[in-house]
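I have placed the structure first, in the form of structure tokens, so that the comments after it can refer back to it.
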Amino acid sequence: MAHGHGETTAQHAAHPTPKFFWKVALWLTVITALEVWAVYIDAIRGVLAPILIILSVLKFVLVVGYFMHLKWDARAYTGFFTFGMLVALIVYFFVIVMSN
């Protein structure tokens, strides 16, 4: 018996438990702590922006992939979110380049 979006019962049952989501939340907390910690390290001041961008992209992937259930949705949704993230990064890059 098929459920919405072409899922079968076996696929629907494969969704993770609340314990899994707590693990994802823990990773988000760790990444956020790394972001805050990185701001206070003077030695990495020159590469701080790329580090923060990479950590932010990791958090984006975790939130979109797991908390928004994109990992279990149609591949087209992944493309939409990936395209949006890439456009945002490109715009950010050009704003930084043009402001120097």
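Basis for what follows: all heavy atoms, side chains included, without hydrogens, waters or symmetry-related copies.
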Donor-acceptor list for residues 41-50 side chains, cut-off 3.5 Å, not counting sequence neighbours:
from	atom 1	to	atom 2	distance (Å)
Asp42	OD1	Arg45	NH2	3.0
Arg45	NH1	Val39	O	3.1
Arg45	NH2	Val39	O	3.1

Decide yes or no for [X] and [Y]: does some side-chain heavy atom of the first lie under 4.5 Å from some side-chain heavy atom of the second?
| X | Y | value |
| --- | --- | --- |
| Trp72 | Tyr66 | yes |
| Phe81 | Met68 | yes |
| Leu28 | Leu58 | no |

My understanding is that only residues two or more places apart in sequence, or in another chain, count here; which of them pass side chain to side chain contact (heavy atoms under 4.5 Å, CB included) with [X]?
| X | value |
| --- | --- |
| Val95 | Val91 |
| Leu86 | Thr82 |
| Thr29 | none |

Exercise for the section: Name all residues meeting the ring-ring contact (aromatic ring centres under 6.0 Å, His included) criterion together with Phe21; count only those two or more places apart in sequence or in a different chain, and write none if there are none. Expected result: Phe67, His69

Handout entry: Residues clustered with Val97, ILVMFWY side-chain links under 4.5 angstrom
Key = Ile90, Phe93, Phe94

Completion exercise
The remaining residues in the hydrophobic cluster of Ile54, counting side-chain heavy-atom contacts under 4.5 Å among Ile, Leu, Val, Met, Phe, Trp and Tyr, are none

Handout entry: Pairs involving residues 55-65, ordered by first then second residue, that meet side chain to side chain donor-acceptor pair (under 3.5 Å) (sequence neighbours left out)
Key = Thr32-Lys59, Glu35-Ser56, Glu35-Lys59

Handout entry: Pairwise salt bridge (charged side-chain N to carboxylate O under 4.0 Å, His left out) hits with a residue in residues 82-98, at least two apart
Key = none

Exercise for the section: Output all residues satisfying salt bridge (charged side-chain N to carboxylate O under 4.0 Å, His left out) with Lys23, sequence neighbours left out; order by chain, then residue number. Expected result: none

Practice task
Quick one: which residue pairs count as a ring pair (Phe, Tyr, Trp, His ring centres under 6.0 Å) with a foot in residues 23-64, not counting sequence neighbours?
Solution key: none

